[in-house]
2 protein chains.
Amino acid sequence: MVEKRSPEVREQQLDAVFGALADPTRRAMVRRLASGDATVGELAEPFAMSFQAVSKHLRVLELAGLVERSRRAQQRPCKLRVEPLVAASGWLGDYHELWESSFDRLDAHLTKKKGSAHA
Amino acid sequence: MVEKRSPEVREQQLDAVFGALADPTRRAMVRRLASGDATVGELAEPFAMSFQAVSKHLRVLELAGLVERSRRAQQRPCKLRVEPLVAASGWLGDYHELWESSFDRLDAHLTKKKGSAHA
DNA sequence: GTATTATTCAACCTCATGGTTGAAAAACGA
DNA sequence: TCGTTTTTCAACCATGAGGTTGAATAATAC
């Protein structure tokens, strides 16, 4: 179940995941899906945007491995997959020790402590 | 020193940071800068790419707040700023508890433990 | 001043992105 | 079968990203 990934593939995955997260609409969708599965319609509802546009965003998330879809009647429920988030987090994690020891230390710590406002 | 950021501005920062990290060349530059400051020329050296292209990537990193530049003779040394990485990491961190309790749990843990190969 | 080195600016090309609209497809209810 | 609902496909448009080349700028060395 735990795939062995070549460095190139991992790089491509990071391209896809960071790229997917570089859009506020898609981040909002991820946030929404983190609180439970949803249909395309439900995901589209908060946005002033056509279904088709939402569908496209969803495809980006799907290609990045962040969303998995099934079929239920006419609907295609979306479920968040967390592994790509872990991969992205892991990449950033390589720099944890850097920022723990950098001049940004204070700033970093305070940002972390204010973190309750993140969600 | 610790700026108070509005939600919109924070969203824009995340757009910029995730966007900046969505490119393998730029991630490599970040990796390089994590091990010490470098000039544009030094950063360009490993890439089969013109200085101008590297300069553009650098501007993207700069706009995302990931790079700070000074002046030394004709050179413009680049220094990694870590705060945007902290911000991105913080966003992802909001989902930590999600993946700790998800079906991806095993995969996530194993990915984490293999993490020594990340760098 | 002139040349050299390091870097950026400007213009251009190609292709991807994020949005639109309109038509099609898939699964149901009558 | 017919219509309704949910979602996607296809074509299009405008903008931006990532690369190129060639000229300009800035700091230094002679």
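Small disclaimer: the values here were computed from a predicted structure and weren't measured. Throughout, protein chains are lettered first and strands after them, A, B, ... in sequence-line order, and every chain is numbered starting at 1.
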Please assess A:E8 against A:Q13 for the test side-chain hydrogen bond (donor to acceptor under 3.5 Å, both in side chains), listing each intermediate value before the final yes or no. CA-CA 9 Å; A:E8 313 85 57; A:Q13 185 193 28; over 6 Å; no
Steps toward side chain to side chain contact (heavy atoms under 4.5 Å, CB included) verdict (A:W91, B:V30): CA-CA 11 Å; A:W91 191 88; B:V30 168; 3.9 Å; yes
Could you walk me through whether B:F51 and B:L43 satisfy the side chain to side chain contact (heavy atoms under 4.5 Å, CB included) test, starting with their C-alpha distance in whole Å, then the side-chain angles of each, then the deciding distance to 0.1 Å, before giving a yes or no? CA-CA 9 Å; B:F51 284 87; B:L43 284 169; over 6 Å; no
After noting the C-alpha distance and the side-chain angles of B:L80 and B:L61, does the key distance pass the side chain to side chain contact (heavy atoms under 4.5 Å, CB included) rule? CA-CA 9 Å; B:L80 186 61; B:L61 291 171; over 6 Å; no
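For A:R69, the salt bridge (Lys or Arg N to Asp or Glu O under 4.0 Å) criterion is met by A:E62, not counting sequence neighbours. With sequence neighbours left out, the side-chain contact (heavy atoms from CB on, under 4.5 Å) criterion links B:A73 to no other residue. Under the side-chain hydrogen bond (donor to acceptor under 3.5 Å, both in side chains) criterion, B:D15 pairs with A:R27, sequence neighbours left out. Not counting sequence neighbours, the partners of B:S50 by the side-chain contact (heavy atoms from CB on, under 4.5 Å) test are B:Q52, B:A53. Listed by chain and residue number, A:T25, A:A28, A:M29, A:M49 satisfy the side-chain contact (heavy atoms from CB on, under 4.5 Å) test with A:F47 (two or more places apart in sequence, or in another chain).
Each end of the helix from C:dG1-D:dC30 to C:dA30-D:dT1 gets its own rotation axis from five pairs of C1' atoms, and the angle between them is 10° to the nearest 10 degrees.
For the atom pair CZ (B:F18) and CG (A:L92), the distance works out to 7.0 Å, reported to the nearest 0.5 Å. How far CD of B:Q74 is from OG1 of B:T39: 11.0 Å, rounded to the nearest 0.5 Å. The CG atom of B:L14 sits 11.5 Å away from the CG atom of A:D23 when rounded to the nearest 0.5 Å. In this structure, CD on B:E83 lies 12.0 Å from OG on B:S89, to the nearest 0.5 angstrom. A:L85 CG to A:L21 CG: the interatomic distance, rounded to the nearest 0.5 Å, is 6.5 Å.
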Nucleotide-resolved protein contact map, nucleotides 24-30 of chain C, B/S/- at heavy-atom distance under 4.0 Å: --SBS--
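Within residues 52-60 of chain A, the residues that have a heavy atom under 4.0 Å from DNA chain C are, in order of number, A:Q52, A:A53, A:K56, A:H57. Against DNA chain C, the stretch residues 14-22 of chain A makes no heavy-atom approach under 4.0 Å. Contacts between residues 37-47 of chain A and DNA chain D, defined by a heavy-atom separation under 4.0 Å, are made by A:T39, A:V40, A:G41.
Between A:P84 and A:V17, the shortest heavy-atom contact is CB-CG2, 3.5 Å.
Where A:A48 and B:R69 meet DNA chain C, the nucleotide closest to each residue was compared, and B:R69 sits on the side nearer the 5' end.
A salt bridge is absent between B:E11 and A:R26: the closest approach of a Lys/Arg side-chain nitrogen to an acidic carboxylate oxygen does not fall below 4.0 angstrom.
From the 5' end on, the contacts that DNA chain D makes with chain B at under 4.0 Å to a non-hydrogen atom open and close at D:dG18 to D:dT28.
Identified under the salt bridge (Lys or Arg N to Asp or Glu O under 4.0 Å) test for residues 34-52 of chain B, with sequence neighbours left out: none.
Taking hydrophobic clusters as Ile, Leu, Val, Met, Phe, Trp and Tyr residues chained together by side-chain heavy-atom distances below 4.5 Å, B:V60 does not share a cluster with B:V82.
Between the CG atom of A:D23 and the P atom of C:dA16 there is a distance of 18 Å, rounded to whole Å. Atom CZ of B:F51 is separated from atom P of C:dC9 by 16 Å (rounded to the nearest Å).
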